[in-house]
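All of these numbers come straight from a predicted model, not from anything done at the bench. Only heavy atoms go into these numbers, but all of them, side chains included; no hydrogens, no water, no symmetry mates.
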Amino acid sequence: QVQLVESGGGLVQAGGSLRLSCAASGSIFSINAMGWYRQAPEKQRELVASITSGGTTNYSDAVKGRFTVSRDNAKSTVYLQMNGLKPEDTAVYYCNADIKHRIWSPITAYWGQGTQVAVSS
């Protein structure tokens with residue numbers, strides 16, 4: 001069993017910053033990619049940013065240049081530093097991790113419970 005626990009959401013004014021954290025725990029042999037997705041009301045969940053175990057990052061065009069994804073492999077934790085926040089960034093942000101339980105296990109995707117980010121204009 002694996003748990004992803006997120007923290008760091010909240011309400012901020014436009015132009016402000018927030019830092020999200022997501023820690024994985026449980027039966028983990030290795031973690032491949034980790035990332036952040038978001039879902040605004042009445043919209044589909046979309047990728048925000050991802051990072052491989054080797055540190056290669058990928059960003060959506062909407063957040064490129066404003067958000068930074070990073071990870072601490074020793075702590076099984078992924079972060080999302082969000083600067084220059086805009087009202088359109090308002091959404092529930094979900095952490096995702098691709099995890100192997102054992103060396104022979106397939107990769108399984110896990111999700112956090114979500115954390116609300118609200119940006120006022």
For Ser27, does its backbone N or O pair with a side-chain atom of Gln1 as donor and acceptor, under 3.5 Å?
no

Test item: Glu6 side-chain N/O and Gly114 main-chain N/O as donor-acceptor pair under 3.5 Å
yes

Members besides Trp104 in its Ile/Leu/Val/Met/Phe/Trp/Tyr cluster (side-chain heavy atoms under 4.5 Å)
Phe29, Ile103

About how many Å separate OG of Ser25 and NZ of Lys75, when rounded to the nearest 0.5 Å?
14.5 Å

Would you confirm whether Lys100, through its side chain, and Ser105, through its main-chain N or O, come within 3.5 Å as a donor-acceptor pair?
yes

Return the minimal non-hydrogen interatomic distance between Ser121 and Ala14, and the atom names on each side.
CA-CB, 4.3 Å

Smallest heavy-atom separation, Ala91 atom then Ala40 atom, equals CB-N, 3.8 Å

For Asp72 and Thr77, which I'm curious about, is there any donor-acceptor pair between the side chains at under 3.5 Å?
no

Straight-line distance of Tyr94 OH to Tyr37 OH, nearest 0.5 Å
13.5 Å

Are Leu47 and Asn58 packed together at the side-chain level, in the sense that at least one heavy-atom pair is separated by less than 4.5 angstrom?
yes

Sequence neighbours left out, what passes ring-ring contact (aromatic ring centres under 6.0 Å, His included) with Tyr79? Give chain and number order.
none

Shared-cluster residues of Tyr93, by chain and number - hydrophobic side chains joined below 4.5 Å:
Val2, Leu4, Val12, Leu18, Leu20, Ile28, Ile31, Met34, Trp36, Val48, Ile51, Tyr59, Val63, Phe67, Val69, Val78, Leu80, Met82, Leu85, Ile99, Tyr110, Val117, Val119

For Gln39, the side chain to side chain donor-acceptor pair (under 3.5 Å) test, sequence neighbours excluded, returns none

With sequence neighbours excluded, residues passing side chain to side chain donor-acceptor pair (under 3.5 Å) with Asn73
Arg71

Could you measure the distance from the CZ atom of Arg102 to the OG atom of Ser30? Nearest 0.5 Å is fine.
11.5 Å

Salt bridge (charged side-chain N to carboxylate O under 4.0 Å, His left out) contacts in which one or both residues fall within residues 11-39, not counting sequence neighbours:
Arg38-Glu46, Arg38-Asp89

Separation between CD of Glu88 and NZ of Lys43, rounded to the nearest 0.5 Å
8.5 Å

